[in-house]
There are 2 protein chains.
Amino acid sequence: MGRRSLHTADELRELIISASTELIQESGLGGLSAREIARRINYSPGTLYNSFENLDDLVLTIEGRLLDDLLEALSAVPKGGDPRERVHRLAACYLSFAADNPKLWNLLFEHYIPDAHGVPESYRQKFEALLEKVEDALRPLAGGLGADEIKRSARVLWAGVHGLSSLSAADKLSVIDADEARTLLDDLVRNYLAGFERTRSA
Amino acid sequence: MGRRSLHTADELRELIISASTELIQESGLGGLSAREIARRINYSPGTLYNSFENLDDLVLTIEGRLLDDLLEALSAVPKGGDPRERVHRLAACYLSFAADNPKLWNLLFEHYIPDAHGVPESYRQKFEALLEKVEDALRPLAGGLGADEIKRSARVLWAGVHGLSSLSAADKLSVIDADEARTLLDDLVRNYLAGFERTRSA
DNA sequence: ACCTGAACACCGTTCAAGT
DNA sequence: ACCTGAACACCGTTCAAGT
């Protein structure tokens, strides 16, 4: 048949991305296949390889967008008010983001790149941007603590929030009940902050 | 050719499990394939299905053993001494277990069962057993707190430790440096315990 | 009873050939 | 330039046939 040009290159790219995202939302990374994407967008499998290097490239693109969305959601958390309250709100935002679309969220952690070094630099940067938001929220509570200690605390607290979020998003082991997750999250943040603020004044 | 009986049913089962475990250690869940397992143990692919229902069944078996090993490692943590120290040691044990064999560890969280309800009950029980160990360690620090609150705190603290462990085991986003993980873990436990003990006396 | 190997319905990816 | 569809090297799983 040859060329059809029903869509521009950009349109086709978006078509592929949105079909893939739906597929992942339906049945996770395991439900994603080049041939199934092609079927859904009415192109032949080979066409995907004009827009993306391979499936890993496509998945990394989707993951990048997911991180952008997360950053945007975190940015929407209001800045004023009680500093502790703000940390709680950021954590709750992170939890909701994971809970709202567990399959898509898990993508970030179940998808492996064989080459190991293959994770794009932009990826790391987005995670750093996320951590900076936590650091900003901790700073008003940090008293005389140095920048390094704030950095470390942000990482620790965020990792904790992440653990809770990912356990509640992974239905496999329902150790963390979804309804209960918010209560547990507040407990984690409250107790961690108590120790954090105590360190400051020690 | 037909029957060979080079191995008993049990031996064959173990052969399959150990070949699979090696395969996962080498290249993760993605590197596991029925045909490759068969190649390595010198049987035809069909033979696997005499020992296991399917690949998911095999993987769940491996995961069950992994949880047993983790419980055993946690049980080896000495019981006496400073209660806070004990919590730190349990956390460190958990972290090491994940770090020692990241690919195998990640199996627990990247492997999905399509049927959803498919997670065996023994699975949940093993996680509960794990949480009981944390509860036992928290109890001496809990003062007048009720059993429910201890239960909740164990879940929260464990989820936090899990987040740190899984982020450091997942090389994808090297936000948590492996060498630094132990420091961060101690920070998490120390700060959380500070809040936990404060609640008790409030 | 146990194991094989062909068969079926799938994959990801490449690439010559067509428009 | 863009897209197709056949081709290649893989999958998981089943099952008739063989010993």
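Note: hydrogens, waters and symmetry copies are ignored here, and every other heavy atom, side chains too, is used. Keep in mind it's a predicted model, so treat the numbers as computed, not measured. In what follows, every chain begins at residue 1, and chains take the letters A, B, ... in the order their sequences are listed.
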### Task
Can you figure out which of D/dG12, D/dC3, C/dG12 approaches the side chain of A/Asn50 most closely?
D/dC3

### Query
In terms of side-chain heavy atoms of A/Tyr43, which of D/dC3, C/dT13, D/dG12 is nearest?
D/dC3

Distance in angstrom units between [X] [atom1] and [N] [atom2], rounded:
X       : N      : atom1 : atom2 : result
A/Arg35 : D/dT4  : CZ    : P     : 14 Å
A/Ile16 : D/dC2  : CD1   : P     : 13 Å
B/Asp56 : D/dG12 : CG    : C1'   : 11 Å
B/Asp10 : C/dC2  : CG    : C1'   : 15 Å
B/Leu15 : C/dC3  : CG    : C1'   : 15 Å
B/Asn54 : D/dC11 : CG    : C1'   : 14 Å
B/Glu36 : D/dA9  : CD    : P     : 17 Å
B/Glu53 : D/dT13 : CD    : P     : 10 Å

### Message
Could you check whether any side-chain heavy atom of A/Leu67 comes within less than 4.5 Å of a side-chain heavy atom of A/Leu71, counting everything from C-beta outward?
### Response
no

### Message
Are B/Ile37 and B/Leu58 packed together at the side-chain level, in the sense that at least one heavy-atom pair is separated by less than 4.5 angstrom?
### Response
yes

What nucleic acid atoms does [X] come within less than 4.0 Å of, heavy atoms only: base, sugar-phosphate, or nothing?
X       : result
B/Leu12 : sugar-phosphate
B/Arg39 : sugar-phosphate
B/Thr47 : base
B/Leu32 : sugar-phosphate

### Task
Look at the rings of B/Tyr43 and B/His7 and say which category their plane angle falls in: under 30° parallel, 30 to 60° tilted, over 60° perpendicular.
tilted

Paired with [N] by Watson-Crick or G-U wobble geometry, both distances under 3.5 Å: which nucleotide is it?
N      : value
C/dA17 : none
C/dC3  : none
D/dA9  : none

### Message
With a 4.0 Å cutoff (strictly under), does any side-chain N or O of A/Ser44 reach OP1 or OP2 of D/dC3?
### Response
no

### Query
Any side-chain N or O of B/Ser33 under 4.0 Å from OP1/OP2 of D/dG12?
yes

#### Entry: Distance in Å, B/Leu145 CG paired with B/Arg139 CZ, rounded so as to fall on 0.5 Å steps
11.5 Å

### Task
Determine, using ring centers only, whether A/Phe127 and A/His162 are less than 6.0 Å apart.
no

